[in-house]
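Numbering starts at 1 and runs along the sequence shown.
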Amino acid sequence: MSWARLARGSSVSRRAGLGPLRCTSRLAIAAAALVGVERLARGFVGVSSAGWGAAPATARLPKVARGFFGGPPTGSETPIPDAPGPEDKHIVKGTPLRPPWPAGMEEAMFGMGCFWCSENLYMKMDGVYSTQVGYAGGGIPNPSYRDVCSGMTGHNEVVRVVYDPKVVSYEALLKVFWERHDPTTLNQQGNDVGTQYRSGIYYYNEAQKEAAEKTKAAYAKALENVRRNPISTEIVPAPEFFYAEDYHQQYDARPGSRQYCGLSPTGAKLDLATV
């Protein structure tokens, strides 16, 4: 992780304190405040002598802070207070962020690294009615961003895509998924490292499962001349979706956003004709 990136990540949301700082930036802020950045990280969260680039997935500020001042995150019985409400609209589409959706709409859910980046890929597509970012696949209910950044909840940063299958196919959504991130890096996309950045397809029905598995096999062949590592993408039934804080929704379309993208495409292409 570069110090230049930490500097770029220092914008703060007035609504949420640390707001949209990426988890990796928070670690540096905490370490600096607690004195001796590398010495503290190595002593308490296990950063290797190789430096920051070798930090494990669990090296996140909230884990450090909770290690000193409290226990692991427990979530909440009620939704986080700054999640989008029923009246909130999609910044790009002008459509609702919460169901019920219009008749004929279907849902898809993907984890492919930073959810700012993955939502930005889908929210302008023709046939996409709405997108939302949130947390899924973890062990506690209604987690906050701070909870997920602890690396102890098991959640993934995901984008939920509400789309019209008469206009855009699920396979077309999968093509974007495979081609626009690196599915071979376990729990990592670029400089974003942690279980919340894992690659995942979360299917809502058997047809989606079948399409996900077929495109995975096809993309694995496309990767043969590009990557030697196997695909690490998990393909599992869609878990419960918990909305992320409202300042994360359509982040890249918000005025003043820093247009961060941590995704690392492989360059391989998926030919849907072979699926």
Side-chain angles (χ1 to χ4, degrees), residues 1 6 9-10 12-34 37 40-47 52 55-85 109-119 132-160 186-189 191-200 202 234 236-249 251 262:
M1 175 174 57
L6 293 181
S10 61
V12 178
S13 166
R14 289 176 292 177
R15 169 170 286 196
L18 285 176
L21 282 169
R22 299 309 297 160
C23 301
T24 42
S25 301
R26 293 179 174 178
L27 173 61
I29 293 171
L34 289 170
V37 176
L40 176 130
R42 290 171 182 168
F44 291 98
V45 292
V47 176
W52 288 105
T58 53
R60 293 293 177 268
L61 163 60
K63 182 174 182 179
V64 176
R66 292 175 191 275
F68 283 111
F69 305 116
T74 59
S76 172
E77 294 182 359
T78 58
I80 55 176
D82 47 354
M109 188 190 298
F110 306 109
M112 49 193 298
C114 167
F115 54 16
W116 297 345
C117 314
S118 53
E119 183 179 32
Q132 312 89 42
V133 296
Y135 315 113
I140 63 173
N142 299 300
S144 69
Y145 186 57
R146 291 175 183 269
D147 291 336
V148 173
C149 282
S150 74
M152 293 187 286
T153 72
H155 290 87
N156 198 3
E157 289 192 11
V158 299
V159 56
R160 186 172 66 180
L186 182 65
N187 298 332
Q188 179 178 2
Q189 282 297 304
N191 289 330
D192 291 330
V193 181
T195 55
Q196 69 269 37
Y197 302 119
R198 64 187 182 269
S199 177
Y202 307 102
E234 60 182 6
V236 298
E240 184 173 1
F241 175 85
F242 297 103
Y243 284 88
E245 292 80 353
D246 57 3
Y247 58 82
H248 288 303
Q249 308 297 329
Y251 176 79

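With rounding to the nearest 0.5 angstrom, the OH atom of Tyr135 is 7.0 Å from the OG atom of Ser144. The distance from atom SG of Cys117 to atom OH of Tyr251, rounded to the nearest 0.5 Å, is 10.0 Å. Put simply, CE on Met109 and CD on Gln132 are 9.5 Å apart, with the number rounded to the nearest 0.5 Å.
Across Ser118 and Val159, no two heavy atoms sit closer than the pair OG-CG1, 3.8 Å. Closest non-hydrogen pair, Glu245 versus Pro84, comes out as C-CD, 4.5 Å. The minimum heavy-atom distance linking Val158 with Ala136 is given by the pair CG2-CB, 4.0 Å. Across all non-hydrogen atoms, the minimal contact from Ala83 to Tyr243 is CB-CB, 4.0 Å. Summarising the geometry of Asp192 relative to Cys114, their closest heavy-atom pair is OD2-CB, 3.7 Å, with the distance given to 0.1 Å.
Scanning for side chain to side chain contact (heavy atoms under 4.5 Å, CB included) contacts around Thr153 gives Pro73, Ile140, Asp147, Val148, Ser150, His155, with sequence neighbours left out. With sequence neighbours excluded, the residues satisfying salt bridge (Lys or Arg N to Asp or Glu O under 4.0 Å) with Glu234 are Arg198.
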Could you please spell out the steps behind the side chain to side chain contact (heavy atoms under 4.5 Å, CB included) verdict for Tyr145 and Gln196?
-> CA-CA 10 Å; Tyr145 186 57; Gln196 69 269 37; over 6 Å; no
Determine, stepwise, if the pair Val133 / Gln249 fulfils side chain to side chain contact (heavy atoms under 4.5 Å, CB included).
-> CA-CA 6 Å; Val133 296; Gln249 308 297 329; 3.6 Å; yes
Step-by-step side chain to side chain contact (heavy atoms under 4.5 Å, CB included) determination, Tyr202 to Val236 | CA-CA 5 Å; Tyr202 307 102; Val236 298; 3.4 Å; yes
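The side-chain heavy atoms of Arg160 and Phe115, taken from C-beta on, include no pair separated by under 4.5 Å.
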